Amino acid sequence: MNYWLMKSEPDDVSVDDALAAPKHTVPWTGVRNYQARNFMRDQMRVGDGVLFYHSSCPEPGIVGIAKVASTAYPDPTQFEKKSPYYDAASKPEEPRWSLVDVQVVEKTRNFTLPEMREDPELAEMLVLKKGNRLSITPVDPKHWRHIVKKLGAKAAA
DNA sequence: GCCAACGTTGGC
DNA sequence: GCCAACGTTGGC
């Protein structure tokens, strides 16, 4: 079992939006970065733990515990001409972009970015490294445990 | 809105 | 394969 941190812009899909969706599950559309895609396509397994992170918003931070709810499949938005995620270079016979479904297990308080930075136990987290822009990063199990514990989250798997 | 940092593109 | 130019991310 692996652990991941996945960034979403709440103006696009917030943790509340995901909770409002059927089965508390949303397709993780719009990833257009090869490294992040490869994590989803090649390494994620159903049941992997996910830290649901809000970015590009007034209070960036971890706002929920989720899990990977599907194996990878082609991101349909790459073929939708009206979508901001449309990619004219991607062909249905050979899709370039993949996604997984993400199911929210539990909404938590906002464990904010400044709070994460203050926590010496989290200093090595990839998402806190200078210049990191990856929207999906692997999370060390010890960081996962620390965060889940600190949030008092029930999903301590 | 600014800008640092990084990824991608394309000419050579 | 190099690298300059450009685009994007995302915190502030």
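Proteins get letters first, then strands, A, B, ... in listed order; numbering begins at 1 in each. Predicted model, so just to flag it, every value in this text is computed and none were measured.
To the nearest angstrom, C1' of C:dG10 lies 13 Å from CG of A:Leu5. Computed from coordinates, the A:Leu113 CG to C:dG10 C1' distance equals 10 Å when rounded to whole Å. Atoms OH (A:Tyr34) and P (C:dG7) sit 17 Å apart, rounded to a whole Å. Summarising the geometry, the separation between CG on A:Asn132 and P on C:dC12 is reported as 13 Å, rounded to the nearest angstrom. Put simply, CG on A:Leu128 is 10 Å from P on C:dG11, counting in whole angstrom units. A straight line from CG of A:Asp87 to P of C:dG7 spans 17 Å, rounded to a whole angstrom. Rounded to an integer number of Å, the gap from A:Glu9 CD to C:dT8 C1' is 11 Å. Atoms CE (A:Met6) and P (C:dT9) sit 15 Å apart, rounded to a whole Å.
Salt bridge absent: A:Lys67 and A:Asp48 never bring a charged side-chain N and a carboxylate O closer than 4.0 Å. A salt bridge does not link A:Asp101 with A:Lys23: every distance from a Lys NZ or Arg NE/NH1/NH2 to an Asp or Glu carboxylate oxygen is 4.0 Å or more.
The ring of A:Tyr53 has its center no closer than 6.0 angstrom to the ring center of A:Trp4. A ring-centre distance under 6.0 Å is found for A:Trp97 and A:Tyr34.
Side-chain atoms of A:Arg37 and A:Arg32, non-hydrogen and from C-beta on, never get closer than 4.5 Å to each other.
Of the candidates B:dG7, C:dG10, C:dC12, the closest approach to any side-chain atom of A:Gln35 belongs to B:dG7.
Not one side-chain nitrogen or oxygen of A:Lys7 sits closer than 4.0 Å to the OP1 or OP2 atom of C:dT9. For C:dG11, the OP1/OP2 oxygens have a side-chain nitrogen or oxygen of A:Tyr53 closer than 4.0 Å. Within the 4.0 Å cut-off from OP1 or OP2 of B:dA5, at least one side-chain nitrogen or oxygen of A:Lys130 is found.
Between the side chain of A:Arg133 and the base of C:dT8 there is at least one donor-acceptor pair of N/O atoms closer than 3.5 Å.
Nucleic acid contact for A:Ser55: sugar-phosphate only, since backbone atoms but no base atoms lie under 4.0 Å from a heavy atom of the residue.
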